[in-house]
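Fair warning: this is a prediction, and the values are worked out from it, not measured in the lab.
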Amino acid sequence: MAGTEQSSDDHRYMAHALRLARRGEYSCHPNPRVGCVVVHSGEVVGEGWHQRTGEAHAEVHALDMAGERARGATLYVTLEPCCHSGRTLPCTDRVVQSGVSRVVAAMTDPNPDVNQRGLKQLRDAGIEVTTGVAEAEARDLNRGFIRRMQVGMPWVTIKLASSLDGRTATASGESKWITGEAARADVHRRRARSGAIMTGIGTVLADDPTLTARAPETVQQPLRVVVDNKARLPLTARLIEQPGATLLVMAQLAPQRVAALRAQGVETLLLAGDDGSVSLRDLLAALAARGVNEVLVEAGPRLCGALLRERLMDELIVYFAPHLLGDGARGWFSLPGLDRIGERIPLQIVEVINVGKDLRLSARMDDS
């Protein structure tokens, strides 16, 4: 806890601000998801959230609603107010002008252009500042934005649909559909909140997916990223025809092929690693540089295994269907066998819930 003492009311109003922030889950990236509540004499007089990139921030919406009742009030916000000009004016200026007497921020802004400068500006203006209220929840809501700001990499989630015996496809490669409709709808919502969906050329050649988000909440299509060492992406691939952008990332330059793909509207990027395949670390850094906070990986065992071997996965989400496919079916990751139990890759389970008839398990890399 930082700043002045927290109260139960602080946590209650911050919980409301976090609920508001989640309303921007599908629409405000690459900006962070932020919610704000203005409280005067125990009454919520203003509230808002950051709805779209380039539009007003959460604090502005909340203060517009509060009007003159903001004077002497407490402002609760899930992220430190910005103090620099970008597509919008600094929120700190508006907060100071509003006359609020206290600001409660869940967390500081990891953006180096803002980090603690916004809070200092508020304190210098005589506003009481408290930080750290519901900080863990606020950080989890914007884990991709935080990762991008702090280390120049996006948050990487590998998504798998699996039988209970850990198989993602039959021995012949058939995988449609392992899970039920509810699980597939849940995946589309995850696509809609992601900045990019990544797959490998093997999946494209085998399944010809569209890799689009078809959830009702979808505001913008995520970038479709195909890891394709030799530029084998067919000109007739369905994902090329979909709305939004497609990026082909290769390790070997094929000028004629690239020209044909570019004529179809496909972006191309050459990123060769030392082993002659695409440098996945450089690819993720390139995605972060273009504003991608969260990458959802829907791929086969080779690409998923490569990401795991290089410790580039942050989260694993598995949708387990209640059936068995047998030991001849395909597994999750292509990984070398382990000789010692100490070589295992540790994960921490963070959530297990039912989604329709299926089970969704979420686990994250355990660095402890």
Engineer: Ignoring hydrogens and geometry, is there a side-chain-to-backbone donor-acceptor pair from T78 to A106 under 3.5 Å?
Structural biologist: no
Engineer: From the options V226, V227, L247, select the one residue that forms a side chain to side chain contact (heavy atoms under 4.5 Å, CB included) with M198.
Structural biologist: V227
Engineer: Working to the nearest 0.5 angstrom, can you tell me the gap between I353 CD1 and S362 OG?
Structural biologist: 7.0 Å
Engineer: Hey, is CD1 on I349 packed in by over 12 heavy atoms from elsewhere, all under 6.0 Å?
Structural biologist: no
Engineer: Is a side-chain donor or acceptor of N354 paired with a backbone partner of G356 at a separation under 3.5 angstrom?
Structural biologist: no
Engineer: Hey, what do you get for CG (N142) to CD (E137), rounding to the nearest 0.5 Å?
Structural biologist: 12.5 Å
Engineer: To the nearest 0.5 Å, tell me how far S98 OG sits from E59 CD.
Structural biologist: 10.5 Å
Engineer: Is any side-chain heavy atom of L359 closer than 4.5 Å to a side-chain heavy atom of Y319?
Structural biologist: no
Engineer: Looking only at atom types and distance, does a side-chain atom of S101 sit under 3.5 Å from a main-chain N or O of G72, one as donor and one as acceptor?
Structural biologist: yes
Engineer: What heavy-atom pair brings P222 and A213 nearest, and what distance separates the two atoms?
Structural biologist: CD-CB, 4.1 Å
Engineer: When clusters are formed by joining ILVMFWY residues with side-chain heavy atoms under 4.5 Å apart, either directly or through shared neighbours, do L280 and M250 land in the same one?
Structural biologist: no
Engineer: Just so I know, are the side chains of V45 and V39 near enough to count as touching, which here means a heavy-atom distance under 4.5 Å?
Structural biologist: no
Engineer: For A260, is there any backbone N or O sitting under 3.5 Å from a side-chain donor or acceptor partner on Q264?
Structural biologist: no
Engineer: Any chance you could lay out the salt bridge (Lys or Arg N to Asp or Glu O under 4.0 Å) test for E25 and R189, step after step, and finish with the verdict?
Structural biologist: CA-CA 10 Å; E25 192 169 26; R189 287 190 290 272; over 6 Å; no
Engineer: If I take atom CD from residue E298 and atom CG from residue L303, how far apart are they, to the nearest 0.5 angstrom?
Structural biologist: 11.5 Å
Engineer: Please report the shortest heavy-atom distance between C91 and P81, naming the atom on each side.
Structural biologist: CB-CB, 4.2 Å
Engineer: Taking all atoms of both residues into account, what is the closest heavy-atom pair of A62 and V38, and its distance?
Structural biologist: CB-CG2, 3.9 Å
Engineer: Side chains of V352 and F320, heavy atoms from C-beta outward: is any pair under 4.5 Å?
Structural biologist: no
Engineer: Any non-hydrogen side-chain atom of C82 less than 4.5 Å from a side-chain atom of T92?
Structural biologist: no
Engineer: Where is the tightest heavy-atom contact between A231 and A254, given as atom of each residue plus distance?
Structural biologist: CB-CB, 4.2 Å
Engineer: If you compare all heavy atoms of V77 against all heavy atoms of M14, which two are closest, and at what distance to 0.1 Å?
Structural biologist: O-CE, 3.5 Å
Engineer: Would you say Q221 and T212 are linked by a side-chain donor-acceptor pair, where the criterion is simply a distance under 3.5 Å?
Structural biologist: no
Engineer: Given V100 and R71, is the side chain to side chain contact (heavy atoms under 4.5 Å, CB included) satisfied, shown in steps?
Structural biologist: CA-CA 5 Å; V100 301; R71 194 161 300 278; over 6 Å; no
Engineer: Does the distance from a Lys or Arg side-chain N to an Asp or Glu carboxylate O, for D124 and R117, drop under 4.0 Å?
Structural biologist: no
Engineer: Below 4.0 angstrom, N of the basic side chain to O of the carboxylate: do R184 and D358 qualify?
Structural biologist: no
Engineer: Working to the nearest 0.5 Å, report the span between CZ of F333 and CD1 of I345.
Structural biologist: 8.0 Å
Engineer: Is a side-chain N or O of S194 found less than 3.5 angstrom from the main chain of R190, in a donor-acceptor match?
Structural biologist: yes
Engineer: Are L248 and L307 connected in a single hydrophobic cluster, I mean Ile/Leu/Val/Met/Phe/Trp/Tyr linked by side-chain heavy atoms less than 4.5 Å apart?
Structural biologist: no
Engineer: Do R52 and S27 pair up side chain to side chain, a donor and an acceptor below 3.5 Å, judged on atom types alone?
Structural biologist: no
Engineer: Would you list the atom pairs, donor with acceptor, under 3.5 Å between side chains in residues 152-164 and any protein atom, with sequence neighbours excluded?
Structural biologist:
residue: W155; atom: NE1; partner: T157; partner atom: OG1; Å: 3.4
residue: W155; atom: NE1; partner: E315; partner atom: OE1; Å: 3.1
residue: T157; atom: OG1; partner: E315; partner atom: OE1; Å: 3.3
residue: S162; atom: OG; partner: R167; partner atom: N; Å: 3.4
residue: S162; atom: OG; partner: W332; partner atom: NE1; Å: 3.0
residue: S163; atom: OG; partner: D165; partner atom: OD1; Å: 2.4
residue: S163; atom: OG; partner: R167; partner atom: N; Å: 3.1
residue: S163; atom: OG; partner: R167; partner atom: O; Å: 3.4

Engineer: Before accepting this row, confirm whether a basic side-chain N of the pair E267/R290 lies closer than 4.0 Å to the acidic partner's carboxylate O.
Structural biologist: yes
Engineer: Answer with yes or no whether the side chains of D93 and Q121 bring together a donor and an acceptor at under 3.5 Å.
Structural biologist: yes
Engineer: Measuring only between side-chain heavy atoms, which start at C-beta, is L284 closer than 4.5 Å to L312?
Structural biologist: yes
Engineer: Heavy atoms, side chains only, cut-off 4.5 Å: are L296 and R191 in contact?
Structural biologist: yes
Engineer: Report, as yes or no, whether the 6.0 Å neighbourhood of atom CD on E310 holds more than 12 heavy atoms from other residues, nucleotides or ligands.
Structural biologist: yes
Engineer: For P90 and C83, which heavy atoms make the closest approach, and how far apart are they?
Structural biologist: CB-C, 3.8 Å
Engineer: With the side chain counted from C-beta on, respond yes when L79 and P110 share a heavy-atom pair under 4.5 Å apart, and no when they do not.
Structural biologist: yes
Engineer: Is the side chain of E80 donor-acceptor paired with the backbone N or O of Q116 at a distance under 3.5 Å, no angle test?
Structural biologist: yes
Engineer: In this structure, are over 12 heavy atoms from other groups packed under 6.0 Å from R364 atom CZ?
Structural biologist: yes
Engineer: Give the intermediate values and the outcome of side chain to side chain contact (heavy atoms under 4.5 Å, CB included) for residues R257 and D228.
Structural biologist: CA-CA 12 Å; R257 191 73 179 162; D228 182 6; over 6 Å; no
Engineer: Should the pair R193-E217 be classified as a salt bridge under the 4.0 Å nitrogen-to-oxygen rule?
Structural biologist: no
Engineer: Walk me through whether H40 and T74 qualify under side chain to side chain contact (heavy atoms under 4.5 Å, CB included).
Structural biologist: CA-CA 6 Å; H40 192 285; T74 297; over 6 Å; no
Engineer: Can you tell me how far CG of L75 sits from CZ of R102, rounded to the nearest 0.5 angstrom?
Structural biologist: 11.0 Å
Engineer: Linking I/L/V/M/F/W/Y whenever any side-chain heavy atoms sit under 4.5 Å apart, do I240 and L205 land together?
Structural biologist: yes
Engineer: Going only through I, L, V, M, F, W and Y residues with side-chain contacts under 4.5 Å, is there a path from V249 to L211?
Structural biologist: no
Engineer: Distance only, no hydrogens: is a donor on one side chain within 3.5 Å (strictly under) of an acceptor on the other, for R148 and N293?
Structural biologist: yes
Engineer: Between the main-chain N or O of G24 and the side-chain N or O of H50, is there a donor-acceptor pair closer than 3.5 Å?
Structural biologist: no
Engineer: Under 3.5 Å, is there a donor-acceptor pair between the E294 and H29 side chains?
Structural biologist: no
Engineer: Given side chains that start at C-beta, do those of F145 and D109 come closer than 4.5 Å, heavy atoms only?
Structural biologist: yes
Engineer: Among the clusters formed by ILVMFWY side chains lying less than 4.5 Å apart, do L233 and L235 turn up in the same one?
Structural biologist: yes
Engineer: Walk me through whether D207 and V204 qualify under side chain to side chain contact (heavy atoms under 4.5 Å, CB included).
Structural biologist: CA-CA 5 Å; D207 299 337; V204 175; over 6 Å; no
Engineer: Between E351 and R360, does at least one N-O distance fall below 4.0 Å, as a salt bridge requires?
Structural biologist: yes
Engineer: Before you tell me yes or no, could you show the steps for R224 and T246 under side chain to side chain donor-acceptor pair (under 3.5 Å), namely the whole-Å CA-CA distance, both residues' side-chain angles and the distance that decides it to 0.1 Å?
Structural biologist: CA-CA 5 Å; R224 295 178 292 275; T246 299; 3.1 Å; yes
